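Each remark here refers to the structure printed beneath this line.
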Amino acid sequence: MKTLLLTLALATSAPLWAQNEQAVITIQADQPRQTISKHIYGHFAEHLGRCIYDGFWVDPAMNVNKDGRIRMDIVDALRDINIPNLRWPGGCYADEYQWRDGIGDPAKRPVTLNSHWGGVTEDNSFGTDEFMKLCNLLGCEPYLSANMGTSTPKDLRDWIEYLNFDGKTHLTQLREQNGHKEPYGVSFFGIGNESWGCGGNMTPEHYSEQYRIFQEYARNYSNHPIKKIASGPNSTDYNWMEVCLKKIPQYALWGISLHYYTIATGNWGQKGSSTDFDEKEYFGGVKNALYMDTLLKNYAAMMNKYDPAKKIALVVDEWGIWTEVEPGTNPGFLYQQNTMRDALIAASTLNIFNNHSDRVRMANLAQAINVLQALILTDKEKILLTPTYHIFKMYKVHQEANLLESSVSVNDYKYGTESIPGVNVSASKGEDGKIHVSVVNLNPNKAVPASVILNGYNAKQIKGELLTSASYTDYNSFDKPDKIVTKEYKGFKKENDGKITMKLPPLSIVTLEIQ
């Protein structure tokens with residue numbers, strides 16, 4: 001029996017809507033398009049703050065379920081959202097990371113300095129083999145960010161041989177001594193990170209020449225082909241993208257990255273609080289998050305010029321909202337809370353990625369644990385799942401499904417003299433016939449009536465799930481970890497003409513499963 005899963009994410013707070021105004025959502029349910037890659041739903045773990053240490057990797061004496069020093073309640077939570085890949089070891093840290101420092105007897109590994117994030121020392125107890133074990137426990141693919149800034153092409157070549165070669169060499173014998181006889185078979189390699197900034201302060205011309213050299217030594221061993229990802233532009237640096245596309249041969253690229261962070265205030269020097277903000281900053285946050293759509297349209301047009309066959313993936317391997325750190329925490333650790341606003345930003349961004357999945361074939365939220373727009377926060381033995389985590393759990397149904405064309409008609413959400421689309425949507429259809437529609441309503445004051453028209457599909461049975469809270473500043477705390485959690489939703493009806501009508505609560509994400 002065919003099943004439809006419908007996800008709707010909404011908000012509350014701005015001009016009041018008239019009672020007779022509604023969102024009309026139209027889905028071409030019988031016209032499946034390209035596959036939405038599961039890798040769009042990827043995550044990021046940098047040696048930054050408490051993401052690795054005191055996040056994934058904990059003190060042996062900590063009284064939690066562990067596999068070695070890997071914290072298993074975190075692993076279980078991430079497995080539950082079907083995490084497809086994990087990016088490591090950075091970020092900016094990647095371009096000072098020497099992979100040989102993190103292998104072998106942990107007691108003999110050198111203590112080094114993390115000069116990017118907090119000026120703390122790094123004991124290198126979590127290195128390549130530990131990360132590969134973590135990915136195995138998670139059931140996800142590793143995405144390694146290779147050091148171009150302070151290492152050589154030989155270092156990259158040797159790292160790949162250590163990881164992927166199935167034969168007897170000095171490096172593979174080291175791997176066997178370190179507990180893993182068989183090759184790991186890593187596919188995804190980013191070559192350099194933010195090479196326009198912390199990764200070397202390069203020009204695009206210089207980076208392109210360096211990339212050509214480094215990628216030559218990112219070789220395929222033992223039937224383990226490498227997917228090479230270039231360090232692409234920051235936000236609107238269109239020149240960087242164009243130079244790279246001109247100067248790097250297509251055969252040398254699987255993908256090229258894009259980094260874009262949402263700053264609610266628009267001011268990097270004063271990014272605003274993660275929890276204490278008014279409607280102006282709420283509007284600024286969702287408005288700036290939606291700018292991702294403009295970026296992807298512009299970069300896709302540029303890439304189509306040089307790669308009309310769309311062989312090169314656009315990899316948005318750093319995205320999310322960035323606010324000021326929580327008061328009293330290390331400024332270099334980037335620890336922030338996670339509110340209902342962040343959930344709406346995550347849902348809107350994932351809709352954008354789905355709709356651009358002809359180009360966007362990989363993305364990584366920054367970051368997984370205790371850093372920036374985290375999925376999970378920890379406090380000693382305690383963990384909590386953030387509103388953003390619940391979005392990824394609700395949206396996992398899109399992974400490896402086919403995109404369906406969708407459109408929405410609704411009033412804009414206005415604040416002052418500015419306005420943005422009040423609703424955004426994406427939809428997909430899986431091999432099992434299930435259809436999933438995800439809708440985000442960004443108007444934040446009233447419950448919104450909505451109609452969903454499914455062209456080419458007859459819905460029969462419906463059940464629903466709801467995520468909501470009273471304010472866009474609400475968040476889950478260690479005292480109240482379940483303040484924002486999903487619950488059953490029954491506010492829908494199938495009409496005689498086949499439409500599905502519903503009343504969408506303020507600040508809500510609704511998932512309808514329809515058979």
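Quantities reported herein were computed from a predicted structural model and do not represent experimental measurements.
A heavy-atom distance below 4.5 Å is found between the side chains of K396 and D80. Counting only heavy atoms from C-beta outward, the side chains of M292 and V316 approach each other to under 4.5 Å. You'll find the side chain of I484 reaches within 4.5 Å of the side chain of S469, heavy atoms only.
Aromatic pair F131/F56: ring centres not closer than 6.0 Å. Ring-centre distance between Y472 and F277: below the 6.0 Å cut-off.
Here side chain to side chain donor-acceptor pair (under 3.5 Å) pairs that include residues 188-199, with residues two or more places apart or in two chains, are R87-N193, E194-H259. Within the structure, side chain to side chain donor-acceptor pair (under 3.5 Å) pairs that include any residue of residues 40-51 comprise Y41-N354, E46-W117, E46-Q367, H47-W88, H47-E122, R50-D54, R50-T378 (at least two apart or interchain). Pairs passing the salt bridge (charged side-chain N to carboxylate O under 4.0 Å, His left out) check and including a residue from residues 227-253, sequence neighbours excluded, read E242-K305.
Residues that satisfy the disulfide (SG to SG under 2.5 Å) test with C92, not counting sequence neighbours, are C198. Remark: F188 engages H39, W254 in a ring pair (Phe, Tyr, Trp, His ring centres under 6.0 Å) (not counting sequence neighbours). By the side-chain contact (heavy atoms from CB on, under 4.5 Å) test, T265 is found to be paired with I263, N267, E281, residues two or more places apart in sequence or in another chain being considered.
S151 and Q98 form no side-chain donor-acceptor contact under 3.5 Å, judged by distance and modelled atom types alone. At a cut-off of 3.5 Å, with distance as the only test, a side-chain donor of S428 or H398 sits close to an acceptor on the other residue. Between T388 and Q373, the side chains place a donor N or O and an acceptor N or O closer than 3.5 Å (distance only, hydrogens not considered). Y143 and N364 are not linked by any side-chain donor-acceptor pair at a separation below 3.5 angstrom, with hydrogens and angles left out of the test. Side-chain contact of T128 with W159: a donor-acceptor pair under 3.5 Å is present, judged by distance alone.
Sparse packing is recorded around OH of Y475, with 12 or fewer heavy atoms of other residues, nucleotides or ligands lying under 6.0 Å away. In Y217, the OH atom is not crowded: 12 or fewer heavy atoms of neighbouring residues, nucleotides or ligands sit closer than 6.0 Å.
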Margin query: The test is side chain to side chain contact (heavy atoms under 4.5 Å, CB included); show your working for T323 and R341 and say whether it passes.
Written below: CA-CA 12 Å; T323 69; R341 174 182 67 177; 3.9 Å; yes
